[in-house]
Amino acid sequence: MKSFKNLQIESRTGMYLTPKYNDFEHNKYGTTSYLHTALMVNYNLSRKVPGLQISMTTLLKKPLSDEPIPLKYIANRVNMFYTALVINYSVSPTKFKKTQASKSN
């Protein structure tokens, strides 16, 4: 993981070698061998906007073989690209209580 002032970047990768997809004795879920890579980026804006944080996650799963897989195993294919952007904003409970108390007076 690499960290800067308000930015954190983390990446992970792995290669998963599995037996043949139709060898259920050794490969329970029938998945093929694949490469999995994840990239996570977090940016904390709390100094500029208190309570604001932005996170992005990107995942990539690619099969290691071009071997065709029968359609009955389609649920176990490992060809995926996924990206998510999350914006979190939290309100400090102490600041919120003070604001609510001053409004009620």
Side-chain angles (χ1 to χ4, degrees):
M1 176 172 36
K2 184 70 178 169
S3 291
F4 299 98
K5 191 172 186 179
N6 294 324
L7 180 70
Q8 291 180 331
I9 301 171
E10 184 176 350
S11 67
R12 297 177 183 176
T13 193
M15 185 182 303
Y16 300 88
L17 304 174
T18 61
K20 295 287 275 179
Y21 61 85
N22 56 1
D23 180 3
F24 297 114
E25 186 177 341
H26 298 104
N27 189 351
K28 180 178 173 180
Y29 298 106
T31 57
T32 59
S33 297
Y34 62 95
L35 175 70
H36 180 100
T37 302
L39 174 67
M40 288 83 57
V41 178
N42 293 312
Y43 188 60
N44 191 345
L45 292 163
S46 289
R47 290 187 180 188
K48 295 179 182 174
V49 181
L52 184 62
Q53 182 179 5
I54 299 173
S55 300
M56 187 181 92
T57 300
T58 301
L59 303 171
L60 174 66
K61 249 183 169 177
K62 288 302 233 181
L64 292 176
S65 168
D66 291 335
E67 177 184 354
I69 301 169
L71 286 178
K72 69 180 182 178
Y73 300 107
I74 196 163
N76 299 331
R77 293 193 180 176
V78 289
N79 191 7
M80 178 188 80
F81 178 76
Y82 172 81
T83 298
L85 178 66
V86 178
I87 300 172
N88 287 320
Y89 181 73
S90 60
V91 177
S92 171
T94 55
K95 288 182 182 179
F96 185 72
K97 286 179 183 174
K98 288 178 186 175
T99 306
Q100 291 298 327
S102 63
K103 286 182 180 179
S104 63
N105 290 336

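The shown structure was predicted, so the numbers you read here are calculated from the model rather than taken from an experiment.
Put simply, the side chain of Tyr89 reaches to within 4.5 Å of the side chain of Val49, judged on heavy atoms. No side-chain heavy atom of Thr58 sits less than 4.5 Å from a side-chain heavy atom of Leu60. Inter-residue side-chain proximity for Thr57 and Leu59 is flagged as met; some heavy-atom pair is nearer than 4.5 Å. At least one side-chain heavy atom of His36 sits under 4.5 Å from a side-chain heavy atom of Tyr16. For the pair Asn42 and Leu7, the minimum side-chain heavy-atom distance is 4.5 Å or more. A 4.5 Å side-chain heavy-atom check between Thr83 and Met56 finds at least one atom pair inside the cut-off. At a threshold of 4.5 Å between non-hydrogen side-chain atoms, the residues Leu64 and Thr32 do not count as touching.
By the side chain to side chain donor-acceptor pair (under 3.5 Å) test, Thr13 is found to be paired with Thr37, residues two or more places apart in sequence or in another chain being considered. With sequence neighbours left out, Asn27 forms a side chain to side chain donor-acceptor pair (under 3.5 Å) with no residue at all. The ring-ring contact (aromatic ring centres under 6.0 Å, His included) check on Tyr43 picks up nothing, with sequence neighbours excluded.
Side chain of Ser33 to backbone of Thr18: a donor-acceptor contact under 3.5 angstrom is found.
Taking hydrophobic clusters as Ile, Leu, Val, Met, Phe, Trp and Tyr residues chained together by side-chain heavy-atom distances below 4.5 Å, Leu39 shares a cluster with Leu85. Leu17 and Met80 fall into different hydrophobic clusters, defined by Ile, Leu, Val, Met, Phe, Trp and Tyr side-chain heavy atoms under 4.5 Å apart, directly or through other members. Met40 and Val86 end up in different hydrophobic clusters when Ile, Leu, Val, Met, Phe, Trp and Tyr side chains are linked at under 4.5 Å.
From Ser65, atom OG reaches atom NZ of Lys20 across 7.0 Å, with rounding to the nearest 0.5 Å. Interatomic distance, Lys62 NZ to Leu35 CG, rounded to the nearest 0.5 Å: 10.0 Å. Atom CD of Gln53 and atom CD1 of Ile87 lie 11.5 Å apart (nearest 0.5 Å).
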